[in-house]
Amino acid sequence: MRNVVHPLLHGVVPPVQGSAFLVSLISLPFLAALASLCLPARSRNAEAWLVGVTMLILLVLVAFAYPGVAHGAALRRDIGWIPELSLSLVLRMDGFAWVFSVLITGIGLLVVLYTRYYMSPEDPVARFYAFFLAFAGSMLGVVTSGNIIQLVVFWEMTSVFSFLLIGYWYHNAPARDGARMALTVTGVGGLALLAGGLLIGHVVGSYDLDAVLASGDAIRASNLYLPILILVLLAAFTKSAQFPFQFWLPNAMAAPTPVSAYLHSATMVKAGVFLLARFWPVLAGTPEWFWLVGLAGLATLLLGAFFAIFEQDIKGLLAYSTISHLGLITLLLSLGSPLGLVAAIFHMMNHATFKASLFMAAGIIDHEVGTRDMRKLGGLFTFMPITATLAMVASAAMAGVPLLNGFLSKEMFFAETVETHTPSILDTVTPYVAVLAGTFAVTYSIRFIHSVFLGPIPADMPRTAHEPPFVMRLPVLLLVLICLIVGIAPGHTIGPFLHSAVLSVLGDETPYYSLSVWHGVNLPLLMSTIALVAGSLFYFTLKIYLATSEEGPPLIRRLRGERIFERVMVSVAWRWARLLEIRFGTRRLQPQLLLVISVAVAAALVVLLRGGLGLPSPWSRGVDLLFPVLWAIGIVCAIGAAYQAKYHRLVALVLMSGAGLVTCVTFVWLSAPDLALTQLLVEVVTTVLILLGLRWLPKRSEEVRQPSSIRATLRRYRDLGIAVVSGAGMTLVAYAVMTRQPPQTIADYFVERAYSEGGGRNVVNVILVDFRGFDTFGEIAVLGIVALTVFALLRRFRPAPDSVESPFQQQQQTGPEDEATSGGDGSIASDYLLVPSVTMRWLFPVIIMFAAYLFMRGHDLPGGGFAAGIAMAAAFILQYMASGVRVVEEQLRVLPVRWIGMGLLIAAATGMGSWVFGYPFLTSHARYVDLPVIGKIPAATALLFDLGVFSLVVGATVLMLIALAHQSIRRLRASGIPLSQNAEAP
Amino acid sequence: MELTLAIGIGVLTGSGVWLVLRPRSYQVIIGLSLAGYGVNLFIFSMGRLRVNAPPVLAAGGPIDPTLYTDPLPQALVLTAIVIGFATTALFLVVLLVSRGLTGSDHVDGREP
């Protein structure tokens with residue numbers, strides 16, 4: 001049985017362009033994951049059908065793609081993303097990726113079948129299946145990425161979904177810890193891969209995998225080779241649990257068994273060795289590669305096998321055995337010989353089949369007996385003969401017994417270790433270590449079989465086992481059959497696929513190799529025999545000890561990787577972080593602000609001192625007398641507000657508004673009517689808002705002022721100094737800029753195009769709703785979020801105890817006349833400001849009209865959505881002020897949250913509307929429409945967008961104001977005081 | 001005119017900075033608003049000061065950009081005014097809730 005394909009017969013076929021198959025392969029799992037989340041959380045049958053059928057479709061898709069990847073050909077699909085940065089999504093499948101895709105989808109399908117019976121009806125399986133599918137999708141993404149950055153993204157996604165799957169039973173602590181450890185270790189590896197990928201991109205000049213694979217010589221010759229190698233190896237070793245990062249894998253065994261069977265045998269841990277094999281043509285063959293990869297592989301191979309012997313947990317044994325087998329693959333890859341690569345790929349496939357079946361068998365045992373502790377198990381063959389037979393065959397494959405697939409790749413491994421590749425001590429010891437590890441593998445395989453299925457039945461076995469449902473056993477059966485068939489007739493079954501895989505990695509370097517069971521009596525066969533005999537003997541020497549021993553190997557039981565990991569984590573994430581926080585951090589606001597401001601001032605000073613300003617004389621400019629008078633008022637207001645803000649809040653507020661008004665007049669003066677309008681309206685609502693808030697602040701009177709300490713006085717002088725310096729600095733900088741000739745700006749572009757392209761004469765408005773519409777969209781979204789936050793914060797508002805009572809003024813209004821007028825709270829003032837309040841009520845339609853006017857003219861004249869929205873909000877607020885909360889809400893249905901929602905929807909829909917016509921988001925179209933009576937009005941789509949802005953601004957402003965105004969009634973309702981109209985009036 | 005406005009901006013900013021560094025949350029609110037005026041005027045003034053040249057295009061005829069003031073800083077400031085209002089509102093409510101929870105109107109939620 002020989003399958004010999006001469007490499008020269010099949011040249012490497014160029015990649016086939018464009019394949020919808022690859023896109024559906026990547027997108028289907030994620031879509032199905034979303035669908036699976038939509039099903040009820042515990043609908044195990046519907047979920048299993050959905051996920052099973054998805055996996056089956058994926059498997060069939062992959063199977064039909066084989067002709068496209070056979071004989072060294074590859075499928076490729078480029079999707080342009082950011083071509084300027086040479087970033088595009090490239091999906092690429094060659095023979096090697098195909099083999100992995102079959103493993104991912106095939107074993108995935110079997111695991112789904114198995115999961116249906118494994119999970120308890122109480123488990124929320126929707127979440128499990130969604131993560132499972134998303135993981136499968138990420139894994140497919142890793143193997144079919146044709147771009148290194150994309151590879152890193154999918155790589156990290158596998159880490160994240162593996163974290164979620166390991167921690168699926170988040171109520172138990174080992175699952176959480178194991179998940180966190182796996183994420184930390186593999187996540188760090190992913191970051192290393194990103195750095196390595198960027199370096200590779202830097203050397204090659206492209207992130208495209210085909211380009212990278214074609215420039216192996218350039219990478220190996222580059223002086224960045226060693227950093228690249230170390231970073232890529234860090235990623236591969238963490239993912240594939242290679243020494244010294246092996247510790248996370250045994251801890252990840254807290255995951256549900258289907259996860260272990262899928263992630264920790266067939267897929268995720270294989271991603272590391274996949275990466276090594278993928279970059280093998282680029283990175284391998286140097287002494288650095290040989291030593292780094294070889295040492296890690298050798299250590300992992302031996303330690304994993306040795307540790308596996310002494311595990312008492314079945315899954316622990318399998319986990320260490322997985323580590324050891326991954327070490328074997330790594331060691332094969334380290335040799336740098338094409339034959340080693342062939343053996344490595346072959347062993348990746350074989351290991352996935354037998355180890356997945358073993359994990360599932362372990363799950364069946366756990367499921368049926370209730371324990372995985374081998375000290376409490378025994379003689380299960382009597383109860384479950386079929387499962388036992390299957391598990392025994394799979395273990396034999398793991399041990400490397402002839403006529404099973406594990407034997408074939410192990411023979412190839414032994415043959416490779418005997419060869420001399422790089423003369424060195426490492427090369428010399430490798431065959432001996434290989435035989436020793438083979439011996440250990442036999443020992444732990446026999447141990448598994450003997451202590452679980454044979455021997456006496458322990459008295460403390462939790463419950464009597466019986467065979468699992470047929471469908472739960474079916475996946476194991478199928479995988480074991482594959483082990484057997486491949487083991488007996490490799491050339492006719494796996495041969496062509498293996499060859500395609502090898503050809504796609506090695507290309508013309510593909511060596512001659514023979515896949516057959518019998519090669520005659522030779523050295524590898526002798527090594528296998530020694531391992532089998534010695535392993536059996538070793539087990540029978542250890543048997544008595546193992547039956548009662550503690551978990552873990554003797555003597556070095558205390559030396560555990562996860563302890564060191566925990567130490568490091570505690571130091572870095574807790575102790576050092578705390579130390580830094582204590583040394584450099586403060587939770588007090590004032591020092592933080594002081595730091596921010598000082599740094600800003602210092603940075604400006606540095607620039608100033610280095611560059612200088614070159615100020616012109618102020619007298620050379622024209623002098624306008626009125627403007628300085630205006631600003632004299634503004635300055636007095638600002639300083640007054642600063643001075644009064646502590647003890648006289650209302651005065652400060654009035655003075656602040658004064659400064660605001662001066663700002664507003666300045667805008668009018670200096671040709672910014674839009675700004676003036678908006679500023680004025682915002683000023684109104686801000687004042688109302690702060691007035692509403694004043695009522696909840698504590699009383700503070702100047703009389704109780706205590707003589708301040710020296711420290712406080714010094715602090716004040718320091719702050720004053722900083723304030724003066726920053727003010728003076730702003731003056732200098734502003735003056736320097738204003739007196740300079742403006743550079744060529746993009747202003748002309750906007751002015752010239754506002755009418756011709758935006759259809760509006762008010763350039764500011766056209767910029768907002770058209771040219772920079774996307775920014776405005778983001779901005780109104782922020783406004784909406786702020787309003788909702790304010791609303792949410794106030795729903796749970798509890799006033800401070802000293803603010804609960806009615807304010808002094810309101811108490812005064814409920815005077816002795818109370819009984820006479822039979823009125824309630826504030827009855828004296830019931831007619832207070834009667835005329836203004838009637839006027840305010842009647843102003844409602846007028847202001848609405850004004851807002852509509854502002855809105856309609858916005859595109860051509862000062863106005864627009866922002867200003868109109870705030871004016872509209874002011875109309876509502878006036879009603880509240882005139883009549884009180886209750887009366888207004890009896891008469892008007894004010895639904896600010898709907899206004900916000902409608903606003904965002906209108907703006908978004910307007911933006912998306914341009915997609916219908918094939919333009920990018922928010923492309924506007926403008927024309928004038930002739931309406932009867934009203935006349936010509938502008939009807940740009942930007943106007944619709946502005947309508948969204950308007951609606952959102954109304955909603956947000958009203959929501960904030962009302963939420964605050966409502967606090968007064970809530971308080972009264974809570975304290976049982978009867979309500980009257982004016983009590984709520986702000 | 002430039003000098004006057006520059007001094008105005010400086011005073012607004014300085015008063016704002018002084019207030020922002022004070023311990024009472026109401027002072028910080030007033031300070032932020034004052035500093036906001038200063039910063040808005042500063043950004044606005046980056047387009048240079050022009051009198052009687054609003055960026056509202058005359059109807060008909062070719063458009064000469066030199067006749068109009070720079071509209072871009074104005075558009076930026078317009079959104080800044082609205083966002084400034086939102087932050088003031090948010091800060092005010094956080095202040096009130098914090099005072100309700102802690103009983104203190106100190107910026108750190110407790111008296112020093």
Side-chain angles (χ1 to χ4, degrees), chain A residues 588-589 593 618 624 627-628 631 634-635 638-639 641-642 645-646 649 652 656 663 670-673 675 678-679 682 686 689 693 696-698 719 723-724 726-728 730-731 734-735 738-739 742 747-748 750-752 755 761-764 767-768 779 783 786 790 793 797-800 866 960, chain B residues 1-4 6-15 17-21 24 26-27 30 33-34 37 41-42 45-46 48-57 63 65 68-72 74-75 77-79 81-83 85-86 88-90 92-93 96-97 99-100 103 105 107-108:
Chain A
R588 295 179 51 224
L589 183 70
L593 286 174
D624 191 323
F627 198 66
W631 268 102
I635 287 169
I639 294 175
K646 185 164 189 184
R649 298 197 184 108
M656 185 196 94
T663 306
L670 299 173
S671 324
L675 291 191
T678 316
Q679 176 81 59
V682 163
T686 310
L689 197 74
W696 304 104
L697 287 174
D719 292 352
V724 168
S726 28
M730 280 293 269
T731 303
Y735 184 67
M738 285 188 266
T739 48
D748 294 354
F750 290 126
V751 173
E752 277 161 13
Y755 190 68
R761 300 193 175 278
N762 180 1
V763 186
V764 175
I767 291 177
L768 284 178
E779 196 216 345
L783 195 62
V786 167
V790 165
L793 276 172
F797 176 65
R798 293 283 173 277
F866 279 118
M960 287 192 265
Chain B
M1 183 167 275
E2 280 83 0
L3 185 64
T4 316
I7 293 173
I9 291 171
V11 172
L12 284 171
T13 317
S15 312
V17 168
W18 160 260
L19 281 175
V20 161
L21 292 172
R24 300 294 151 192
Y26 185 74
Q27 291 174 305
I30 300 286
S33 300
L34 288 177
Y37 296 142
L41 282 170
F42 181 76
S45 70
M46 293 300 103
R48 307 302 185 272
L49 310 186
R50 293 281 294 270
V51 180
N52 277 335
V56 176
L57 307 175
I63 293 155
Y68 303 100
T69 186
D70 189 342
L72 193 61
Q74 296 198 15
V77 172
L78 199 131
T79 52
I81 291 173
V82 180
I83 286 290
F85 163 66
T88 308
L90 186 62
L92 179 77
V93 171
L96 293 180
V97 172
R99 151 121 171 100
D105 69 337
V107 283
D108 298 329

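A note on names: the letters A, B, ... follow the listed sequences, proteins ahead of strands, and every chain is numbered from 1.
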With distance as the sole test, does [X] use its side chain to make a donor-acceptor pair with the main-chain N or O of [Y] at under 3.5 Å?
X         : Y         : answer
Tyr26(B)  : Arg649(A) : yes
Gln74(B)  : Ser671(A) : yes
Ser726(A) : Gly14(B)  : no

Residue part contacting chain B, namely of [X], when any heavy atom lies under 4.5 Å:
X         : value
Met656(A) : both
Val790(A) : both
Ile767(A) : side chain
Phe750(A) : side chain

Quick check for you: to the nearest 0.5 Å, what is the distance between [X] atom [atom1] and [Y] atom [atom2]?
X         : Y         : atom1 : atom2 : answer
Glu779(A) : Leu78(B)  : CD    : CG    : 8.0 Å
Asp105(B) : Lys646(A) : CG    : NZ    : 9.0 Å
Phe627(A) : Thr4(B)   : CZ    : OG1   : 6.0 Å
Phe866(A) : Thr79(B)  : CZ    : OG1   : 6.5 Å
Glu752(A) : Leu57(B)  : CD    : CG    : 10.5 Å

Would you name the heavy atoms of [X] and [Y] that are closest together and state the gap between them?
X         : Y         : result
Ala6(B)   : Thr731(A) : O-OG1, 3.2 Å
Ala638(A) : Leu12(B)  : CB-CD2, 3.8 Å
Arg48(B)  : Met738(A) : CD-O, 3.6 Å
Leu670(A) : Met1(B)   : CD2-SD, 3.8 Å

Problem set entry | Leu689(A) side chain near Phe85(B) side chain, heavy-atom distance below 4.5 Å | yes
Exercise. Side chains of Met730(A) and Phe42(B): does their closest heavy-atom pair fall under 4.5 Å?
Worked result: yes
For this session: Tell me, out of Ala642(A), Ala645(A), Pro673(A), Ala641(A), who's got the most heavy-atom pairs with chain B below 4.5 Å.
Result: Ala642(A)
For this session: Between chain B and each of Leu675(A), Val786(A), Leu793(A), count heavy-atom pairs under 4.5 Å; write down the option with the most.
Result: Leu675(A)
Partner chain A: residue of [options] with the largest heavy-atom pair count (under 4.5 Å):
options                                : answer
Leu21(B), Leu72(B), Ile81(B)           : Leu21(B)
Val107(B), Val93(B), Ile9(B)           : Val93(B)
Val77(B), Asn52(B), Val82(B), Val20(B) : Val82(B)

Please flag which part of [X] lies under 4.5 Å from any non-hydrogen atom of chain A: side chain, backbone, both or neither.
X        : value
Arg24(B) : side chain
Ile83(B) : both
Leu92(B) : side chain

